[in-house]
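Okay, structure first, notes after.
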There are 2 protein chains.
Amino acid sequence: MTKELRARVGGIITELGYMPDPSARSMRSKVSRLIGIVIPDLTNPFFAELVQSAEQAAANHGCNIIVMTSFDHAAKEADRIRQLTSRKVDGIILVPSNDFHTLKLPKGLPIVVVDRLMPGYSGIAADHRRGVRLGVEHLLKLGHRRIGFISGPKHSVPANDRLRGYLDAMEQTDGGTRAAEAPLIAEAAFDYESGRSAGNYLLARARSERPTAIFASSDQQAIGCMRAAHDLGIPIPAALSIVGFDGIPLASMTTPRLATVKQPIEEMAAAAVAILLNKQTAPELDKPILFACEFLTGETTAPPQPD
Amino acid sequence: MTKELRARVGGIITELGYMPDPSARSMRSKVSRLIGIVIPDLTNPFFAELVQSAEQAAANHGCNIIVMTSFDHAAKEADRIRQLTSRKVDGIILVPSNDFHTLKLPKGLPIVVVDRLMPGYSGIAADHRRGVRLGVEHLLKLGHRRIGFISGPKHSVPANDRLRGYLDAMEQTDGGTRAAEAPLIAEAAFDYESGRSAGNYLLARARSERPTAIFASSDQQAIGCMRAAHDLGIPIPAALSIVGFDGIPLASMTTPRLATVKQPIEEMAAAAVAILLNKQTAPELDKPILFACEFLTGETTAPPQPD
DNA sequence: TTGTAGGCGTTATCAA
DNA sequence: TTGATAACGCCTACAA
């Protein structure tokens with residue numbers, strides 16, 4: 001009986017188009033099946049992909065995503081988090097704004113901080129340090145020794161991790177000798193234009209002193225840097241190898257195709273959602289989960305030319 | 001008494017951090033203060049900006065946004081719309097997927113279709129036709145006569161509007177004479193790579209026959225076309241003027257800075273939200289609201305060189 | 001003006 | 001297992 005009845009009820013439910021009311025449901029069960037995500041800027045392709053992946057992951061768990069943009073503005077961010085709290089979302093995925101300082105996040109509401117880790121909160125990020133190291137090691141293996149680095153903004157946590165990855169690789173001893181020469185670093189914002197001027201800066205020296213390869217901390221920087229090299233008449237990859245970081249779609253559309261280190265955005269988003277929904281145990285507070293990056297070969301790297 | 005009491009209660013409310021429960025609220029009032037937005041692809045900067053602007057506009061009305069991506073897949077799109085319906089959102093902003101055909105949208109739930117207009121639904125879009133005309137007229141005024149056009153995909157509604165704008169401008173009579181020569185059209189997808197090959201196609205002819213200017217139906221196409229010109233050794237804007245369409249942030253970051261026709265995304269998003277919340281009257285079903293585009297000068301246009 | 005009761009649509013809980 | 005009932009938190013309407 002149960003079986004047949006069950007089927008008949010199910011049939012009639014769809015027939016009548018009945019759908020349970022989420023408000024009533026959530027009022028009784030204390031679960032909203034809603035997840036908030038607060039990011040600095042949706043027009044940044046990295047965050048856009050993060051949101052998109054989170055939406056997919058959430059949908060797989062029967063949840064929906066409320067997006068909010070903080071515009072990297074701490075006050076707006078605080079306001080949005082308050083809104084989400086009052087909405088009684090089941091959890092929040094937060095990429096903190098850069099001028100984030102002393103924001104007190106509501107206790108009792110699960111929060112996962114992504115990408116820009118913060119002490120005291122469960123965090124998920126790509127392993128920027130090892131990721132960059134992968135890319136720089138690729139250049140070292142090709143034979144490059146004068147490898148320039150375009151860094152991110154000084155106070156950005158991921159930027160510093162990337163810088164450390166570069167320094168790790170540059171300092172690694174190879175049979176007792178240092179693998180590479182002294183670091184050549186240019187600090188810049190993560191965007192295209194900053195990458196271009198950083199590239200100009202690194203390349204504006206005599207051929208025997210200028211880097212034969214440059215690692216950029218973002219794909220946008222790398223693309224800007226390609227532009228700079230091009231304008232200086234430096235052929236890529238013949239006279240200059242370039243590697244980027246992030247693995248945004250644009251990277252595969254440049255000419256030549258940019259070699260880059262890809263962050264596993266989709267996996268990170270899925271993990272964040274799973275943690276918030278208790279499908280996966282949250283990382284300990286100051287032990288973020290780090291996701292391995294992957295080096296993607298492209299057409300922008302080659303062995304160095306002799307001076 | 002009322003006044004003082006009111007103030008004191010207000011004070012205590014904030015002091016205790018009391019916030020009304022939206023579920024209970026919505027259960028009684030039948031209003032969820034939630035708006036759904038379904039777009040084909042969040043990594044497309046145009047849609048990302050649309051979502052971001054919608055979020056801002058919604059926040060100004062005390063509403064929040066649930067985002068969903070259809071990946072241009074009709075089935076997924078239908079599923080997402082069903083989800084939003086069962087969520088009892090107050091309205092849906094929809095950019096239909098391209099393989100959209102016979103989807104029946106739920107009656108009784110306010111829907112505004114944006115950008116890719118559909119007969120039978122309230123629509124909002126940029127006035128692509130006049131926008132393109134603006135850009136092409138700019139080229140005509142500079143003295144160009146052989147103006148190429150990179151079109152969008154054949155079955156895309158906005159692509160066809162843009163094409164008509166180009167034809168409008170090319171056919172306009174100027175003191176009795178046709179202002180321009182026969183149209184030179186290359187069909188392409190809206191992305192970078194397609195723009196590049198379309199550019200190659202248009203520019204692969206003798207100098208006296210090749211266009212002195214090209215209007216591209218998207219900024220990404222325009223950037224790809226710049227690339228093609230560059231690879232062919234054609235200097236921009238000296239030997240070739242280029243104008244794009246959309247006005248995405250990337251357009252102002254190219255070298256030289258791309259001239260483009262900007263869609264008023266923010267205004268369109270605000271209008272869509274306002275209509276859904278009944279702050280603005282919806283357009284009649286087959287009379288979409290068209291928003292004027294704006295021509296943004298750049299460094300990619302100049303008068304044509306003599307042959 | 002102030003207070004109270006009822007109901008929105010679920011689901012948890014308790015009784016049978 | 002099944003069925004009945006109460007309670008979730010807010011809002012509105014009506015009574016005092």
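Residue numbering restarts at 1 for every chain, and letters A, B, ... go by the order of the sequence lines.
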- Message: Check this for me: does the side-chain of A/Arg28 come within 3.5 Å of the base of C/dT11 through a donor and an acceptor?
- Response: yes

Any salt bridge linking [X] with [Y]? Criterion: basic side-chain nitrogen under 4.0 Å from a carboxylate oxygen.
| X | Y | result |
| --- | --- | --- |
| A/Arg116 | A/Asp72 | yes |
| A/Glu55 | B/Arg80 | yes |
| B/Lys76 | B/Asp79 | no |

- Please test A/Asn64 against B/Arg87 for side-chain hydrogen bond (donor to acceptor under 3.5 Å, both in side chains), starting from the C-alpha separation and ending with a verdict. CA-CA 9 Å; A/Asn64 296 126; B/Arg87 263 268 177 234; 3.0 Å; yes

- Query: In degrees, rounded to 10°, what is the bend between the two ends of the helix from C/dT1-D/dA16 to C/dA16-D/dT1, using five pairs at each?
  - Reply: 50°

- Residue mapping more 5' on DNA chain C - nearest nucleotide basis, A/Ser29 or A/Ser23: A/Ser23

Measure the distance from [atom1] on [X] to [atom2] on [N] and round it to the nearest whole Å.
| X | N | atom1 | atom2 | result |
| --- | --- | --- | --- | --- |
| A/Met19 | C/dT10 | CE | P | 12 Å |
| B/Asp21 | C/dT10 | CG | P | 16 Å |
| A/Ile13 | C/dT10 | CD1 | C1' | 13 Å |
| B/Met27 | C/dT10 | CE | C1' | 7 Å |
| B/Arg87 | C/dT10 | CZ | P | 14 Å |

- Can you tell if the side chain of B/Ile37 reaches within under 4.5 Å of the side chain of B/Ile92, non-hydrogen atoms only? no

- Query: Got more than 12 heavy atoms from elsewhere within 6.0 Å of CD, B/Glu267?
  - Reply: yes

- Query: Does D/dG9 have OP1 or OP2 sitting under 4.0 Å from an N or O in the side chain of A/Lys30?
  - Reply: yes

